[in-house]
Number of protein chains: 2
Amino acid sequence: MAVICTRPDPLGMDDIDEAIIRCVLRNARATYAQIGKAAGLSPSAAKRRLDRLVATGAIRGFSALVDPQAMAWHTEAFVEVYCTGNPTPAELTKALHDIPEVIEACTVSGAADAMLYMLARDIPHLEQAIQRVRSTALVDRTESAIVLSRLLTRPRL
Amino acid sequence: MAVICTRPDPLGMDDIDEAIIRCVLRNARATYAQIGKAAGLSPSAAKRRLDRLVATGAIRGFSALVDPQAMAWHTEAFVEVYCTGNPTPAELTKALHDIPEVIEACTVSGAADAMLYMLARDIPHLEQAIQRVRSTALVDRTESAIVLSRLLTRPRL
DNA sequence: CGTGAAAAAATAGCGTT
DNA sequence: AACGCTATTTTTTCACG
């Protein structure tokens, strides 16, 4: 039984909020004056909007885009996870949360159940972290693709 | 012939720079006073360091971490790319640069040549964007895993 | 790199629609 | 409920030691 789910606006967003998000996606250190100009608002209104977007969770935080080569941890990998049984997303999240090398995790369509993006100091460290993922009761096997070189990185616009 | 490559410091970074990077990774909107406190520096010295990290490319930029559900573009996919022949990384970069739906691209170990992270409005839009990737002369075939739900996202610490 | 002064921005309060 | 305006505080910025 298919259900047409029309939920275009679950977080109560409008065009102004979108303009603000586009602005801070491009530059998270933009001033409220700049954000306001991008959204057609005064600086104080822009601040109130941005604070609200953070409070409601639409914006999770602000981070730097760092060249991995510049960091101590610069070994990256995409890891496909195949599960045993049918763990719920919540169970998987809980299991992966304690492994700090797992930076991002998503359930995906296709043969694999989940895709991880992992970051470690070096190959031995990565191998050990993948071992920890595997040792999770929920995980059957993994398939890793280690990043050799980064071709492209851009803000999500 | 294996070569032991000791290149611990390709970008001329020290512990202070690392502390600064850790700070702005956690919060890109931190003030120079906060960054300075994290690195044991005065605000003006912290600004000079941060400006230099951006100028040298160690920090590529600052962005917001946005809940994809809050955006108009909220269909994500990981796409494995298998190439024809042996294109250089530079050729691949050039080819993918014009496809705005490709947010990240890396060459990887394993069967696939590259891994893409793509972002589109919806499934039809994603399909069309993947078609553009495929139509690139360098690409033989692709294998996509569409993101169903996001389990985990954290700053790269 | 730190200091200190001047300029710019962030913040909080207030009146308006 | 959300905006713009204004006054105050904080931060940024830059020349100098």
Restricting to pairs with a member in residues 24-73 of chain A, which pass ring-ring contact (aromatic ring centres under 6.0 Å, His included), not counting sequence neighbours?
-> A:W73-A:H125
Along DNA chain C, 5' to 3', what are the outermost nucleotides having an atom less than 4.0 Å from a heavy atom of chain A?
-> C:dA9 to C:dG13
Expected rows: protein N/O vs nucleotides 11-17 of chain D N/O, under 3.5 Å:
| unit_1 | atom_1 | unit_2 | atom_2 | d |
| --- | --- | --- | --- | --- |
| D:dT12 | OP1 | B:Y32 | N | 3.4 |
| D:dT12 | OP2 | B:Y32 | N | 2.9 |
| D:dT13 | OP2 | B:K47 | NZ | 3.2 |

Examine distances only and state if a side-chain atom of B:S109 and a backbone atom of A:A145 form a donor-acceptor pair shorter than 3.5 Å.
-> no
One should read off an interatomic distance between A:K37 NZ and A:C23 SG, to the nearest 0.5 angstrom, of 11.0 Å
Gap separating the CD atom of A:E101 from the CG atom of A:L116, nearest 0.5 angstrom | 11.5 Å
Taking B:R156 for the side chain and A:L65 for the main chain, is one N or O donor matched with an acceptor at less than 3.5 Å?
-> no
To the nearest 0.5 Å, how far apart are OG in B:S149 and CG in A:L92?
-> 9.0 Å
Within the side chain of A:R154, is there an N or O that forms a donor-acceptor pair under 3.5 Å with the backbone of B:V102?
-> yes
